[in-house]
There are 2 protein chains.
Amino acid sequence: MSQREDAKAERRRRIVAAARDLIRETGDAGLSMRAIAARAHVSLTTPYNLFGSKRAIVIAVLEDVREFHDRFSNLRHTDPIDRIFHALRLSLGYYAEDPDFYRTLWSEALNPGGKELRSELITPQRYAFWWALLVEAQRDGALLADLDLDLLLRSLDLVFGATMLAWVLGGLQVDELEASVGFGYALALRGAANPDSQPGIEKRLKTYQRQLVRSRKKAQAA
Amino acid sequence: MSQREDAKAERRRRIVAAARDLIRETGDAGLSMRAIAARAHVSLTTPYNLFGSKRAIVIAVLEDVREFHDRFSNLRHTDPIDRIFHALRLSLGYYAEDPDFYRTLWSEALNPGGKELRSELITPQRYAFWWALLVEAQRDGALLADLDLDLLLRSLDLVFGATMLAWVLGGLQVDELEASVGFGYALALRGAANPDSQPGIEKRLKTYQRQLVRSRKKAQAA
DNA sequence: CACATTATTCATACGTGTTATGATTATAGG
DNA sequence: CCTATAATCATAACACGTATGAATAATGTG
């Protein structure tokens, strides 16, 4: 790699790190392009040259932390359906540990303000991981045979993204996140499942429902 | 109503109309608070007094046009499930006729930039309409008896909102909107349905799947 | 090594949503 | 009719994301 590309990669790294740290320290309040640029010791224009927009930077941060805890990919579970919900639980566990950080991240990532017109919220690796799970489930006969798994996966992603959006817009608490996404996943997966596999998913559905109803009652009391 | 409140309501009306017309004529490019205020013949500060934020104005516009075509609420169908998909079709038909208008609307409405932290994307009337449909479906035995309809409705709304977001972010074409939301609805409803009602929903699922696969192939060819 | 090219950074400016500040107007109550 | 008051007004300011052209650094070639 040339010296130029090297320096560029270094700047990129510094910018992502600066954004990550700023979110960690000050929340979304202190996350301005000027602050990011100053912290990364680059000019205000440089992040635009290297990333294109603020949203792209935030998405890079999101990918950065994701890579970190995508290790659960090699978890071994007998049932692929079980693995889906297990992965969900692990993933959202990080959110519960550091809600301010992730809420800011998603808030900026879902910001439709710009003109770029690309989501890029799902990487090829993540796609491959989930797709493999669905393929396995379908081969096991758990899912409808003639269902397009690409569309099913897209639907699950929609549920996930929508829940993040609801969280960001204030319609959801952190402790409701897992149950909310889980309920949506269970609904969709039961809808995609063959009769034999439905009871197990239905059980999860009811579990998440209990959690959500409980936290809703608690919210009404307050 | 006092004369003062009357004048206030008038200004409110003018502001919403100004925003609506500006979106219609210039898209999101010309939709600035200064332009809205000028067009409504009010000061820049007045919209903030009456609505609080730009997003609130846009949501008011969204409600305004919704009221206009909420007449399908009194459509009579035998099957409540059928009515759900029929309402969906009618609703998204308007979007297909005027995509730029609605895309701008949703783009601004989903903008999480502000600090307000309230979604307000669903009004009591809309909620009541959909809830009545679901109650009827459950009483007919179509849906699982012990399923919380509030949560199901919330899930359907998440699918809808997420699809709008995907549209806004550029991951979806206008002509894919109905099939995309429909696929998600069918998945969730089949997941919420009793065995007897599942075949009918499954048929819809496959229909939407065919549409989506077709338009995806067409997109790949280009 | 020196030079011309080109990629990258820089300082600056623009338009945005939003808020603050007094002045000004129109309404409500006596 | 007159005063108190609530609303709007014009204006300026703030911080933000982004666009632009000038300045600067690294690169490949003679």
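Reminder, nothing fancy here: chain letters follow the sequence lines and each chain counts from 1.
- Computed from C1' positions of five pairs at each end, the angle between the two local axes of the helix from C/dT5-D/dA26 to C/dG30-D/dC1 equals 10°, rounded to 10 degrees.
- Contact check, B/K54 against C/dT18: no side-chain N or O comes under 4.0 Å of OP1 or OP2.
- No engagement by A/H41 is indicated, since no non-hydrogen atom pair under 4.0 Å with the nucleic acid exists.
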#### Entry: CA sep, side-chain torsions, deciding dist, call: B/R55, B/E108, salt bridge (charged side-chain N to carboxylate O under 4.0 Å, His left out)
CA-CA 6 Å; B/R55 202 174 136 242; B/E108 298 282 346; over 6 Å; no

### Task
Summarise protein proximity over nucleotides 23-30 of chain C in one line of letters, 5' to 3': B for base, S for sugar-phosphate only, - for none, counting protein heavy atoms closer than 4.0 Å.
---BBS--

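- The line from CG of B/D100 to CG of B/L105 is 12.0 Å long, rounded to the nearest 0.5 Å.
- Of the charged side-chain nitrogens involved, at least one lies within less than 4.0 Å of a carboxylate oxygen, so that A/D148 and B/R216 count as a salt-bridged pair.
- Considering only side-chain N and O atoms, A/T45 lies nowhere under 4.0 angstrom from the phosphate OP1 or OP2 of D/dA19.
- Residue B/S32 is classed as a sugar-phosphate contact, given heavy-atom separations below 4.0 Å to backbone atoms only.
- The closest side-chain donor-acceptor pair between A/W167 and A/Y102, if any, does not fall under 3.5 angstrom.
- Ionic pairing of B/R83 and B/E136 is present here: one or more N-O contacts between side-chain nitrogen and carboxylate oxygen are shorter than 4.0 angstrom.
- A distance of 5.5 Å separates CZ of B/R34 from CG of B/L44, quoted to the nearest 0.5 Å.
- The pair A/R39-A/E25 counts as a salt bridge, with a side-chain nitrogen and a carboxylate oxygen less than 4.0 angstrom apart.
- Relative to the side chain of A/V42, the nucleotides D/dA10, C/dC10, C/dT18 differ in distance, and C/dC10 lies closest.
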